[in-house]
Every structure is written in structure tokens, then in C-alpha cells.
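Lettering follows sequence order; numbering is per chain, from 1. These numbers come from the heavy atoms of this one structure, side chains and all, not from hydrogens, waters or symmetry mates.
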Protein chains: 2
Amino acid sequence: MNKLDKNEFRLTNQRKVILEELKKVKSHPTATEIYDMVRKKMPRISLGTVYRNLELLSNNSIIQKLDFGEAQKRFDGNPTTHYHINCKGCGRVDDVDMPLNQELDELAENATSYKVSSHHVEFSGFCVSCQN
Amino acid sequence: MNKLDKNEFRLTNQRKVILEELKKVKSHPTATEIYDMVRKKMPRISLGTVYRNLELLSNNSIIQKLDFGEAQKRFDGNPTTHYHINCKGCGRVDDVDMPLNQELDELAENATSYKVSSHHVEFSGFCVSCQN
DNA sequence: TAAAAATTAGTAATAATTACCAAATGATAA
DNA sequence: TTATCATTTGGTAATTATTACTAATTTTTA
């Protein structure tokens, strides 16, 4: 039960459409891409509202904010941790549908003096269209 | 043998000091932190020169540019791939001295239609000072 | 229905990074 | 060595993603 369900913040129309549009795609869009998607449904929404809501939704684990070292952050409508792959040719980002390697956290905990809580894996390579 | 050894670009004083100072530390400093370090040796160097050289050195695999989702990128004087851990308390970044899991690339290649070339792992947790 | 709180649109501000350019430096060849 | 030429630098301006601000609007609550 997240803060949305608990009514700790309102499900405004803007917030709803942002969330719907993001959950509709699996392309890990940037804030401006989401802005463009949402504007088709809601032409008067402002970019600031998009940013504000993406921030709030990701802070509350309803979506994920991702960083692949590009200029803009990307967003994922799926809040559960999973691995990603980034094409070195065109930059597209896809999910990698493989089980999380929980053992890695233990190995890292042995190798450091940290209390390890999680890890992220980002693969790089070339997608089908960029393999030539 | 990299482009520096092949004299494809010059080892200017600025470039040399930037590289030396970065290799001296294991703290994964940001561009402005490196700027501050280098300025102690070379007070008239400009921030643009620091950025320009960090970019050139990382493009040529002499150093690494790292991104932990913070505002500023970080740099690592060690160009060989290794895992990192980021403290959720204070933000410090340390190396994780454990072998690369090469098997992950194969698993990802089976799970996607990509030609996978590498992967990065970033652990999160709490460092000794932040464990209370 | 009135008052309080949250949210929005629109715009301005911030901050990291990149671009630009004239002057300086380093490499090269006569 | 010295003249030439490409590279690099310092200083500054521009760019760009993101955040902050604020008055107006919307939603919730009393």
C-alpha cells in the first residue's frame, strides 16, 4: 500500500495521465518525451508539472527514475528492480528479463565495509537494428 | 598502447597534472573537485580545461567517467572496469574489489536480442560512518 | 458552503557542461 | 635554430536539464 493508495497525495488528472502514459510504454522515456506523450491528451499541461510528478512518483516507488549517463534521466513505469540494457548505437534502453543476482550483494558486502542494500546492473551492447 | 603513448595528442602540463592528481586519489572526484585539487599545483588553470581534458582522457580509456545519478559526474583514474558502491547516507563512492561476473553478459545476451559487450554494477548501501 | 491544503501553469532561476575564440604553446621541417 | 602550423589553453558566453517561485485553481475537509 503506497502513499497514493493511502491518499497521502491526490491523484489529480495530470498525475493520472502521466502515470498512465508512462505505464503504457516500455521505452523508458525521458521527461520531455513523457511531456510530449501527455500533451496529446492534455495540451495545457506544463513541463514543470511533468517533472514535479515524475519526481514525486519515483520518490514514492510508484515508478523508477533511471540514469544511463545520458544528458536526460529516463523513467520506467515498472517500480520493481530489474536489469536494463543500453544500445551503444542508438541509445535505446530495454529491459533485461533475467532474475536478479542476489548473491552479488553478499559478495559486495564481503568485499567492502558497507552494509549493502541493493545493486543495479546496466548492460551495454548493440540492439538488432544497430548490429551492422 | 593508447593515443597518449602514440602521441595522437599532447601531454601538456595541464593534462599531466590533471591525470596525476586523479590517479593519486581513490575518491572518485567530480570535475570541480578535480579542479580544486589541480589548482593547488596550477592556480591559473581554467575549469573548461579540466572538463575538456577529463572528456578527452575518458574517451580514450585512460580514465573513466562515472555516473551515479547525482548532479555531477565522477571520475576514476583507474580505466579498467570494476564495480562501485555508493553510500546512501553521505554519497561517497568506493571501489568494490571483487571479480567481474562475466557470466552476466551471457545471461543478458540470452535474455535479449542484443549483442552484449559489457556491464556495469553499482551497489548501494551505507558506509561505516553512516551505519548508525 | 467556507476555509484550508495541495496542485497547477507559467515563468524565472540554478547549475553542470559545452562551445567559442583569440592568445599561447608545443611539434615539425627547412 | 627558426618559421610554420596544429593543438591547446584561459576566459567567457551559451546551452540545457532541472528546480524554484508564485499567483491562481482545484480538491478536500470542516
Between C1' of dT28(D) and CG of L11(A), the distance in whole Å | 14 Å

When the distance from CZ of F9(B) to C1' of dA27(C) is rounded to whole Å, what number comes out?
-> 16 Å

Base, sugar-phosphate, or nothing: which does T49(B) touch, judged by heavy atoms less than 4.0 Å apart?
-> base

Quickly work out the E55(A) CD to dT19(D) C1' distance and round it to whole Å.
-> 9 Å

I18(B) CD1 - dG10(D) C1' separation (whole Å) | 12 Å

Return the value, rounded to whole Å, for the distance between atom NZ of K73(A) and atom C1' of dT18(D).
-> 8 Å

Output yes when at least one side-chain N/O atom of R52(A) is less than 4.0 Å from OP1 or OP2 of dT7(C), else no.
-> no

Does the base of dT27(D) carry an N or O that pairs as donor and acceptor with the side chain of R10(A) under 3.5 Å?
-> yes

Taking only N and O in the side chain of Y51(B), is any of them less than 4.0 Å away from OP1 or OP2 of dT17(C)?
-> yes

Contact summary for D94(A) and Y114(B), nearest pair of heavy atoms | OD2-OH, 2.7 Å

Side-chain N,O (Q14(B)) to OP1/OP2 (dT25(C)) below 4.0 Å | no

Verify the contact: side-chain N or O of R15(A) to OP1 or OP2 of dA6(C), cut-off strictly under 4.0 Å; return yes or no.
-> no

Under 3.5 Å: donor-acceptor pair, side chain of D95(A), backbone of H84(A) | no

Euclidean distance, atom CG of residue L47(B) to atom C1' of dA15(C) [Å, nearest integer] | 12 Å

Taking for M42(B) and for G48(A) the nucleotide of DNA chain D with the nearest heavy atom, the one nearer the 5' end belongs to M42(B)

Taking atom types as modelled, find out whether D76(B) and H82(B) have a side-chain donor-acceptor pair closer than 3.5 angstrom.
-> yes

When the distance from CG of D67(A) to P of dA17(D) is rounded to whole Å, what number comes out?
-> 14 Å

Are the aromatic rings of Y83(A) and H119(A) close, with centres under 6.0 Å apart?
-> yes

So, are K24(B) and E21(B) salt-bridged, with charged N and O less than 4.0 Å apart?
-> yes

Quick one: is dT8(C) close enough that its OP1 or OP2 comes under 4.0 Å of any side-chain N or O from T12(A)?
-> yes

Roughly how many Å is it from CG in L54(A) to C1' in dT8(C), rounded to a whole number?
-> 15 Å

Tell me whether the OP1 or OP2 atom of dT9(D) has a side-chain N or O from N53(B) closer than 4.0 Å.
-> yes

